[in-house]
Amino acid sequence: MEGYIKLSRKFFSNDMWNEARTFSSCEAWLDLIQSARFEATPRMESIGGREVSYTRGQYPASIRFLSKRWKWSERKVRTFLAFLRRENMITLSKEQGMNVITLVKYNEYNGSESDTVSDTSNDTMSDTNIIQEINNLRMQVTQLMTQVATQQVTHPAKEPEKRHTGDTKQIKEKNIIKETTTNIVAKKDAAKAATLSRKESFYQSLVPYVGQYPKEMIRAFFDYWSELNKSETKMRYELEKTWELPRRLATWASREKVPLKTDVGVVLKDNSPEKYKKGW
């Protein structure tokens with residue numbers, strides 16, 4: 001059978017899905033797909049006293065947890081996960097002290113470039129673009145800090161040269177002017193470096209909202225509120241008396257009439273039983 005269906009994630013909050021029962025193998029596989037992290041940004045979570053990091057298409061879950069969730073024996077869970085590994089449907093990692101399940105073809109289950117609703121490349125910022133933007137900001141900060149340090153080394157405060165009494169006052173005045181100019185330039189560069197560092201932090205604070213709002217809106221929001229003042233010491237949003245990022249984003253989206261992306265669906269392609277034999 002060709003084609004696919006789009007299944008809303010709201011389905012997994014439905015009473016039919018959440019009723020107490022023993023899961024079938026198909027339901028367990030579907031549960032892994034819907035439980036895996038959808039967002040492209042990595043997440044750090046404390047699980048069982050351990051700090052576990054996982055990203056898009058990954059799901060940290062112990063054998064005991066899945067056993068209780070699916071109403072299976074632990075042995076059956078191990079057998080099922082082993083089957084999925086043999087079929088190249090998942091990989092398992094225990095490097096962080098617990099199972100982190102990675103769905104091999106997670107992106108296929110969540111749409112393709114032609115699927116406008118679930119296409120994550122259209123709904124989320126590219127990781128490459130985010131990293132490049134952050135690296136550019138960090139590079140600017142590093143260059144400015146290096147420039148400040150170089151100026152302090154190459155232009156230290158000079159002792160007045162020993163000259164005739166009549167020249168002493170004039171030499172002192174020249175040295176004071178040079179020293180003052182150097183300090184002003186160094187302070188400006190340091191202030192600009194600090195501002196760029198805060199700009200990077202502001203950029204990163206927007207990343208978690210990319211799955212909720214379109215990336216074009218997030219970019220426009222960032223460009224507007226990160227605009228520097230004339231002295232390049234503060235961004236536009238820092239001049240506001242109050243600032244709550246979630247409310248500002250919601251207001252911006254309302255004015256732009258941007259719909260929230262709360263109903264992102266899981267795309268299931270070819271649900272025939274033969275698919276298990278082929279490997280997803």
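Side-chain atoms are counted along with the backbone in the values below, which use heavy atoms only and exclude waters and symmetry mates.
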Would you check if the side chain of Asp31 reaches a backbone N or O of Ser35 as a donor-acceptor pair within less than 3.5 Å? no
Indicate yes or no for a side-chain donor-acceptor contact from Thr251 to the backbone of Arg247 under 3.5 Å, with no hydrogens or angles considered. yes
Hey, can you tell me if Phe11 and Trp17 have their rings parallel, tilted or perpendicular (30° and 60° cut-offs)? tilted
Side chain to side chain, Leu249 and Leu206, heavy atoms closer than 4.5 Å: yes
Count the heavy atoms of every other residue, nucleotide or ligand shown that sit under 6.0 Å from CZ of Arg21, and state whether that count exceeds 12. yes
List the atom of Leu239, the atom of Lys234, and the distance in Å for their closest heavy-atom pair. CD2-CD, 3.6 Å
Is the ring centre of Phe80 less than 6.0 Å from the ring centre of Trp72? yes
Sort out for me which residue in Asn107, Thr41, Thr102 forms a side chain to side chain donor-acceptor pair (under 3.5 Å) with Arg56. Asn107
From Ser62 OG over to Lys68 NZ, what is the distance, rounded to the nearest 0.5 angstrom? 8.5 Å
Kindly state whether the ring of Trp29 and the ring of Phe83 have centres lying under 6.0 angstrom apart. no
Enter the distance from Met217:CE to Trp252:CH2 here, rounded to the nearest 0.5 Å. 8.0 Å
Is Thr242 close to Arg248 at the side-chain level, that is, under 4.5 Å between some pair of heavy atoms? yes
Under a 3.5 Å distance rule, please check whether Glu39 uses its side chain to pair with a backbone N or O of Pro208 as donor and acceptor. no
Which donor-acceptor pairs under 3.5 Å do the side chains of residues 220-227 make with protein atoms, sequence neighbours left out?
residue, atom, partner, partner atom, Å
Ser226, OG, Phe222, O, 2.5
Glu227, OE1, Arg236, NH2, 2.2

Working to the nearest 0.5 Å, report the span between CD of Glu74 and CD1 of Ile63. 7.5 Å
Within the side chain of Ser197, is there an N or O that forms a donor-acceptor pair under 3.5 Å with the backbone of Ala193? no
Value rounded to 0.5 Å, distance of CG in Leu32 from CE in Met89: 9.0 Å
Measure the CG-CG distance between Leu81 and Leu66 for me, rounded to the nearest 0.5 Å. 6.5 Å
